[in-house]
Amino acid sequence: MQKFTKNRWQILLLLLMIVSFATTEVYAQTTTISGKVFEEGTKETLVGVNIVVKGKVVGTISDLDGNFTLRVNQAPPLTLIFSMVGFSSQEIEITQDNVTGLEISLSESSILGQEVVVSASRVEENVLRSPVTVERMDIISIREAPQANFYDGLNNLKGVEMSTQSLTFKSFNTRGFNSNGNVRTVQMIDGMDNQAPGLNFSVGNIAGISELDLESLELLPGAASALYGPNAINGILLLNSKNPFQYQGLSVQMKGGLMSEGSRTSPSTGFYDFSARYATALSDKVAIKVNVSYLSADDWQANDFRDQSLLNGSTIESGTRTNNPGFNGVNIYGDETNVSMQSVGQSLVAAGLLPAAALGLIPQNTFVSRTGYLERDVADYNTRSLKLNAALHWRISDKVEAIFQGNQGMGTTVYTGADRYSIANFSLGQYKAELRGSNWFVRAYTTQERSGDAYAVGIAAQGINEAWKPSTTWFGQYVGTYVGAISQGATPEAAHAAARGAADTGRYLPGSPEFNQALADVTSRPIPGDQNGVGARFVDKTNLYHYEGSYSFKNIKFADFIVGANFRTYQLNSEKTLFATDDDGNEFTIQEYGGYAQGSKSMINDHLKLTASIRYDKNENFEGQWSPRVSAVYSAGQHNFRASYQTGFRLPTTQDQFIDLVTPQARLIGGLPLFRERYNFDTNPVYSLATVTQFGGAIQQWAATPANQAAVLGEILAQFPPGTPPNDPAVLAIFSQLLPVRAAQANQDKKVEFQATTFKPEIVKSYEFGYKSLVANNKLLIDGYYYFNRFENFIGGQVLVQDRNPNPQNPASALGLNLLSANTRNVYSMPVNRQEIIKSYGWALGLDYQLPKGYTIGGNVSFNKLDNIDDLDGFQPSFNTPEYRTVFNFANREVVKNLGFGISWRWQDEFVWQSSFVGPIVSTQGLSVMPAFSIFDAQVSYKVKSIKSIVKVGGSNLFNSGYRQAWGNPTVGSMYFVSITFDEFLN
């Protein structure tokens, strides 16, 4: 594979050389144009104005005095475009040679409805006439967002939900089916898919883009596979950095402040964030830029200590370690595994460590779990993020620009998956070579993921427990001590307390040298461990290689066409800890390719624009997928009506395909056929957790019925001498063993095998209707939409239970009783396709109004609904989305000279969160409710022109109402910050 990859990069370099020679242009004449750019109102010079030749890549910027000089290898006539964020663009036609002294004035303008977007159709178009919904933030809105960073500013966009897993690890989503590490959305930086290839989702902005280098972001809610390929099924976020030809000079930002939340170990701690950017044009042909940013903080803490075991009669709110021996805290780890006291007692009797009569002293349906550790005792909350970027832009000719770019992100954070993962010293590198013209591009890039010292927090806590006392010993001591206490007349509560005290003798205390050493040992061993003990280290060194190109036809009169294609390879590498291996012991590679074509036609005097596109994608493990899209936009003045139909699809992730990982809850396995063969599903049947739960409940109900108990007791007494009392210890011992057997025999019809089906990509068929207009003398922007989604082959997790030691001669195995105990069953979690059609719908409305004297007011409301949940027969689709979400904004960029402010308030409804991290019983019963919350953010900024800087003071969640956005995630408090941003080209 490495040789194959090396050869592909050699081919790419050869293509670059061929294009560079082929595009070298020799003209008989060079036209030189020079002049100065002013602000129309104040007549002050404008620095950093972008000046380009229309239809070419050649251009320049105005210098610190507003002057510019541009040399073009073309004889007049030609057109120059002068543009700058916050100002109206101007097109100036040049009709003579060597123009000097040209004076250009740009006027400040409202940007309502004037933005140009490229994401919707892969070509430039006015946002009002986009065929699908597009949300956008430009340099000004990024700079003036009332949040501590631009990524948090996504919260203000219409229909966007966020899931905060740590300060630097956040996942965005639109239109339902939110998740931590969202695999249904795509995030791209300068055309590069920013996913961690072994995880198949973007790691927030921990290894992303510096705010100083971010020019704009565009978000397409909903399906976007027709143009962007697999996995853009719920949305795509495009982050575009600044071109060093257009944005030159030195920029530095220093930001610091306070993070505050009452339940943290230290409620208030500082955070520090530094960024610097430098870009310069070395000549008319070559420009470079470098970026560095570093953040340091004590992270938000996950401190939900409620009981999600629901064992022994407890509830989420009432269960504690004191009143529930089977307690399993949400953010407490090492207590996930519970065992039946009866099963432990039977093992002790079989080993001769307890007399048979002792079984009569052990409660029938009581479960016990080990004493766990708090997340903050095990996870690394010392959050760090270092982002480095460098790029070289080479204008090979006036028509072709070459880009060589490298992004490197490193850091420590926490992520929520099936476990909580402490991502320590993680790194993600992206390296790109690209050729770009005004209507085409070819690019190749690679993403290199390195998990560093990452580890699973739950497994680490479990490993620490095993290090100081193996569970077999711990549970034996617990039950033995309990029996002794009960036999001496203790109450059950006192007996449980004595049993835990005895079993916990020798427990390592958090922070002690013994605890720290055990944690270091466990986290140094890869999952699942070795002969030396449990391993919690998460190893992933997967690489992605991607090649793509696109061409837009300019000279076809009757319509506009664009075509493109791509090829991608995943090279899995977890050092055989995360992914399955083939028969030769090697981890797998995955290859996929795709191509698309799009045509658009304007009709009825440019009032109606029709667009149609089609895309085909093929992954080697699945059948090929077709993704059509058709759309229409009708414009009547400033009123624009749009309708579209498009399909999107999600390929099963690399983990969906090949994961093979043991976690505290279950063994996670891929959905491909090889796993069913590897774990003998054909010869040793598996059962869904819902089926096993129903089966176990029926057994308990049967066994608790007095008539059934009397019948079993009579059956036993018939084998003893007449007059034997029912409470005879020998009778009770047999009764405790026979009762569940008879109960299981009476409920065999509840034990239904799970039948696996062919694993397929997930498909969505989406219908959208929208309206966008700029009315009231261009002061009111209205943007609304309604969508309806129809999901086929929906991919969801399925928990399966299997007898660990099948034996037809053993009644417990033959009757399915082994399925009910953690000691005698295997638990798998695998992705499967649902046979049901899953439907969702929603709408959103945004209003932005330009008030007098520069004030702006606006807001949006969105609604998302799972349409047919009652038809899903208990399936949990993990919609994970509030029905209603509302945002309100109020701002003025310049209340008085150089002083501006912005405020934002947002609220979202309560909803149920479902994921593999949620306790299975809690999830099945829909009890994992995330409460509604509201947040108020604000900022004040002051422009200090004398030092070319902007000072910004603000706060997020100013009223410090702690909130969680997903089950098991940290409680987010307030962030108060001060920043100063120096920009050499600040106007």
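- One N or O on the side chain of N860 and one on the backbone of N156 form a donor-acceptor pair closer than 3.5 Å.
- Under a 3.5 Å cut-off, the side chain of S635 and the backbone N or O of G637 do not form any donor-acceptor pair.
- Side-chain atoms of S105 and E40 form no donor-acceptor pair, as typed in the model, at a separation below 3.5 Å.
- Shown here are the side chain to side chain contact (heavy atoms under 4.5 Å, CB included) partners of E103, two or more places apart in sequence or in another chain: F38.
- Minimum interatomic distance between D152 and Q147 (heavy atoms only, all atoms of both residues): CB-CB, 3.7 Å.
- For the pair S949 and I980, the tightest heavy-atom approach, listed with the atom from each and the gap, is CB-CG1, 4.1 Å.
- By the side chain to side chain contact (heavy atoms under 4.5 Å, CB included) test, T95 pairs with E93, sequence neighbours left out.
- With sequence neighbours left out, F553 forms a ring-ring contact (aromatic ring centres under 6.0 Å, His included) with Y551.
- Under 4.0 Å is where a charged nitrogen must lie from a carboxylate oxygen, and between K158 and E135 at least one such pair does.
- Taking S644 as the reference, nothing meets the side-chain hydrogen bond (donor to acceptor under 3.5 Å, both in side chains) condition, with sequence neighbours excluded.
- For the atom pair CH2 (W440) and OG (S550), the distance works out to 11.0 Å, reported to the nearest 0.5 Å.
- Side-chain contact annotation: Q405 with D190, donor-acceptor N/O pair under 3.5 Å present.
- With sequence neighbours excluded, no residue forms a side-chain hydrogen bond (donor to acceptor under 3.5 Å, both in side chains) with T60.
- In this model, no donor atom of one side chain and acceptor atom of the other lie less than 3.5 Å apart for H607 and Y634.
- One distance of note links OG of S552 with CZ of F561; it measures 10.5 Å at 0.5 Å rounding.
- R443 and E548 are joined by a salt bridge, as a carboxylate oxygen and a charged side-chain nitrogen come within less than 4.0 angstrom of each other.
- Under a 4.0 Å N-O distance rule, the pair R642/D783 qualifies as a salt bridge.
- Taken to the nearest 0.5 Å, the NZ atom of K609 stands 8.0 Å off from the OG atom of S631.
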Side-chain polar contacts of residues 274-286 - donor-acceptor pairs under 3.5 angstrom, sequence neighbours left out - could you list them?
{"from": "R277", "atom 1": "NE", "to": "D213", "atom 2": "OD1", "distance (Å)": "2.7"}
{"from": "R277", "atom 1": "NH1", "to": "Y247", "atom 2": "O", "distance (Å)": "3.0"}
{"from": "R277", "atom 1": "NH2", "to": "K242", "atom 2": "O", "distance (Å)": "3.4"}
{"from": "R277", "atom 1": "NH2", "to": "Y247", "atom 2": "O", "distance (Å)": "3.2"}
{"from": "S283", "atom 1": "OG", "to": "K285", "atom 2": "N", "distance (Å)": "3.1"}
{"from": "S283", "atom 1": "OG", "to": "V286", "atom 2": "N", "distance (Å)": "3.2"}

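- Judged purely by distance below 3.5 Å, without hydrogens or angles, the side chains of N240 and E215 never pair a donor atom with an acceptor atom.
- For F150, the ring-ring contact (aromatic ring centres under 6.0 Å, His included) test picks out no residue, with sequence neighbours left out.
- Residues passing the side chain to side chain contact (heavy atoms under 4.5 Å, CB included) test with D606 are R129, S602, sequence neighbours excluded.
- Judged as a side-chain hydrogen bond (donor to acceptor under 3.5 Å, both in side chains), and not counting sequence neighbours, T32 has no contacts.
- Remark: F901 pairs with Y855, F890, N892, V895, I903, V940 by the side chain to side chain contact (heavy atoms under 4.5 Å, CB included) rule, at least two apart or across chains.
- For E211, the side-chain hydrogen bond (donor to acceptor under 3.5 Å, both in side chains) test picks out no residue, with sequence neighbours left out.
- Residues passing the ring-ring contact (aromatic ring centres under 6.0 Å, His included) test with Y785, sequence neighbours excluded: none.
- Looking only at atom types and distance, the side chain of S202 has no donor-acceptor partner in the side chain of N194 under 3.5 Å away.
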